[in-house]
Amino acid sequence: MIKVVIQKCETYNEIGKALDDGLKKLGGIESFIKKGEKVLIKPNLLGPRKPEDCVTTHPEIIRAVIKQVRKVTNKIAIGESPGFVGGLQGWNKLTEKTGMKKIAEEENVELIRLETPKEIEHKEGMIAKKFIIAQEIFEYDKIISVSKLKTHSLTVYTGAVKNMFGIIPGRIKSGMHVKFQDAANFSKMLLDLYNTKKADLNIMDGIEGMEGQGPSAGDVKHFGIIGISQDALSLDYVITK
């Protein structure tokens with residue numbers, strides 16, 4: 001049976017205990033990560049915005065995830081591939097502004113850009129039969145997706161399933177938007193991607209999120225929750241309900 005945990009968490013100062021309590025309801029981090037495995041933590045880093053803008057995953061929830069994973073393994077990296085970033089200067093601006101560089105340095109984990117293209121077939125896809133995704137993710141045993149609870153101007157909502165759109169390298173994502181322009185087809189493509197490469201654990205930052213003109217131009221909204229599930233689709237379903 002698929003389980004989804006919605007854990008109350010009013011502030012980022014409480015995130016360590018809230019995440020620990022939530023994960024315990026699913027058997028603890030040890031239920032998802034084995035000793036010595038390499039783990040990639042995948043936040044939502046849509047653009048170079050401050051954490052308080054609620055456009056990107058808050059760095060303190062990433063810190064809390066790192067501390068949980070460290071109970072099992074020290075082989076940890078943070079990885080993302082935002083669509084707009086060009087070159088090292090842009091990547092540095094993104095990681096500094098979002099607070100990810102600071103967290104990576106303080107917690108002594110790698111911070112990597114998912115940028116090497118690898119073509120993957122998905123013959124069972126509804127609308128997309130193949131994807132170009134980042135080669136780097138295959139260097140890790142497990143992926144933890146840490147999404148941000150927001151509205152979205154095209155898909156209405158963006159959460160756990162859509163966060164894995166970030167495993168498609170850089171500007172290749174723009175081509176997907178051109179190919180699948182309407183909300184229905186774009187959403188089907190996201191589901192095809194979800195069935196091509198799933199995260200092993202999904203955590204949603206819903207302490208402070210966004211409503212209105214998301215994913216980057218909306219209004220900050222306090223939800224006071226985090227969501228946790230092995231299954232991204234189930235997590236999104238429960239959150240939207």
Side-chain angles (χ1 to χ4, degrees), residues 40 42-49 53-57 78-95 97-98 100 112-139 143 145-199 202 204-205 209-219 232-233 235-237 239-240:
L40 179 70
K42 162 65 178 76
N44 178 340
L45 302 183
L46 180 64
R49 301 285 293 273
D53 292 338
C54 296
V55 173
T56 56
T57 304
I78 304 167
E80 172 66 307
S81 183
F84 87 99
V85 175
L88 184 59
Q89 185 177 2
W91 173 251
N92 287 338
K93 181 181 179 181
L94 173 80
T95 54
K97 196 86 169 179
T98 58
M100 289 299 147
I112 65 168
R113 186 173 173 181
L114 309 177
E115 59 182 350
T116 307
K118 178 181 176 66
E119 187 173 295
I120 302 292
E121 287 192 358
H122 180 57
K123 294 179 180 178
E124 299 81 14
M126 294 180 289
I127 197 166
K129 304 296 183 182
K130 64 181 178 180
F131 287 95
I132 296 175
I133 61 180
Q135 168 70 43
E136 287 82 2
I137 66 171
F138 296 100
E139 298 171 10
I143 299 174
S145 169
V146 191
S147 54
K148 188 75 169 175
L149 175 52
K150 299 187 291 182
T151 48
H152 195 280
S153 57
L154 177 62
T155 58
V156 181
Y157 159 87
T158 174
V161 170
K162 194 172 184 299
N163 193 46
M164 288 299 282
F165 190 51
I167 68 174
I168 295 177
R171 298 187 185 278
I172 296 174
K173 283 192 281 292
S174 299
M176 303 298 281
H177 276 287
V178 172
K179 188 175 182 180
F180 306 104
Q181 294 187 20
D182 65 275
N185 284 335
F186 191 80
S187 297
K188 288 177 182 177
M189 179 275 294
L190 289 176
L191 287 173
D192 285 337
L193 178 61
Y194 165 77
N195 285 311
T196 301
K197 186 62 179 177
K198 298 180 182 180
N202 300 275
M204 186 175 296
D205 174 8
M210 181 174 287
E211 64 180 359
Q213 295 301 307
S216 61
D219 301 314
L233 194 58
L235 177 55
D236 282 343
Y237 177 83
I239 286 286
T240 54

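Numbering starts at 1 and runs along the sequence shown. Since the model is a prediction, treat every value here as computed from it, not as a measurement.
- Taking each heavy atom of K188 and M126 in turn, the nearest pair found is O-CE, 3.6 Å.
- With a 6.0 Å cutoff to the six-membered ring centre and a 45° limit on the axis angle, K197 does not count as a cation-pi contact of F131.
- Remark: K198 NZ is packed, more than 12 non-hydrogen atoms of other residues, nucleotides or ligands lying under 6.0 Å away.
- One distance of note links CE of M210 with CG of D219; it measures 8.0 Å at 0.5 Å rounding.
- For the pair L46 and T56, the tightest heavy-atom approach, listed with the atom from each and the gap, is N-CG2, 3.6 Å.
- Using a 4.5 Å heavy-atom cutoff, the side chains of F180 and L190 are not in contact.
- In this structure, OG on S187 lies 8.5 Å from CE on M189, to the nearest 0.5 angstrom.
- Heavy atoms only, all atoms of each residue included: T155 and F186 are closest at CG2-CD2, 3.7 Å.
- A salt bridge links E80 with K42: at least one charged nitrogen is closer than 4.0 Å to a carboxylate oxygen.
- Heavy-atom neighbours of K179 NZ from other residues, nucleotides or ligands within 6.0 Å: at or below the threshold of 12.
- For the pair S147 and G159, the tightest heavy-atom approach, listed with the atom from each and the gap, is CB-O, 3.4 Å.
- To the nearest 0.5 Å, the span separating CG on L154 from CG on D182 amounts to 8.0 Å.
- Counting only heavy atoms from C-beta outward, the side chains of D236 and Y194 never approach each other to under 4.5 Å.
- Between the side chain of S145 and the backbone N or O of A199 there is no donor-acceptor pair closer than 3.5 Å.
- In this structure, G166 and L114 approach most closely via the heavy-atom pair O-CD1, 4.1 Å.
- Among E139, Q135, E136, the single residue meeting the side chain to side chain donor-acceptor pair (under 3.5 Å) criterion with T116 is E136.
- Enclosure of atom NZ in K97 is not indicated, since only 12 or fewer non-hydrogen atoms of other residues, nucleotides or ligands lie within 6.0 angstrom.
- No more than 12 heavy-atom neighbours from other residues, nucleotides or ligands sit within 6.0 angstrom of CD on Q213.
- Distance check, rounded to the nearest 0.5 Å: CG of N202 to CD1 of I143 gives 10.0 Å.
- Remark: the S81 side chain and the E115 side chain contain no N/O donor-acceptor pair separated by less than 3.5 Å.
- Between atom CE of residue M100 and atom CD1 of residue I78 there is a gap of 6.5 Å, rounded to the nearest 0.5 Å.
- To the nearest 0.5 angstrom, N195 atom CG is 8.0 Å from L233 atom CG.
- A side-chain donor-acceptor contact under 3.5 Å links D192 to the backbone of A128.
- Minimum interatomic distance between I172 and I168 (heavy atoms only, all atoms of both residues): CG2-CG2, 3.6 Å.
- The 12-atom threshold is not exceeded at OH of Y237, counting heavy atoms of other residues, nucleotides or ligands nearer than 6.0 Å.
- In this structure the side chain of L193 reaches within 4.5 angstrom of the side chain of I133, judged on heavy atoms.
- Judged by distance alone, with hydrogens and angles left aside, the side-chain atoms of K150 form no donor-acceptor pair with the main-chain N or O of T158 at under 3.5 Å.
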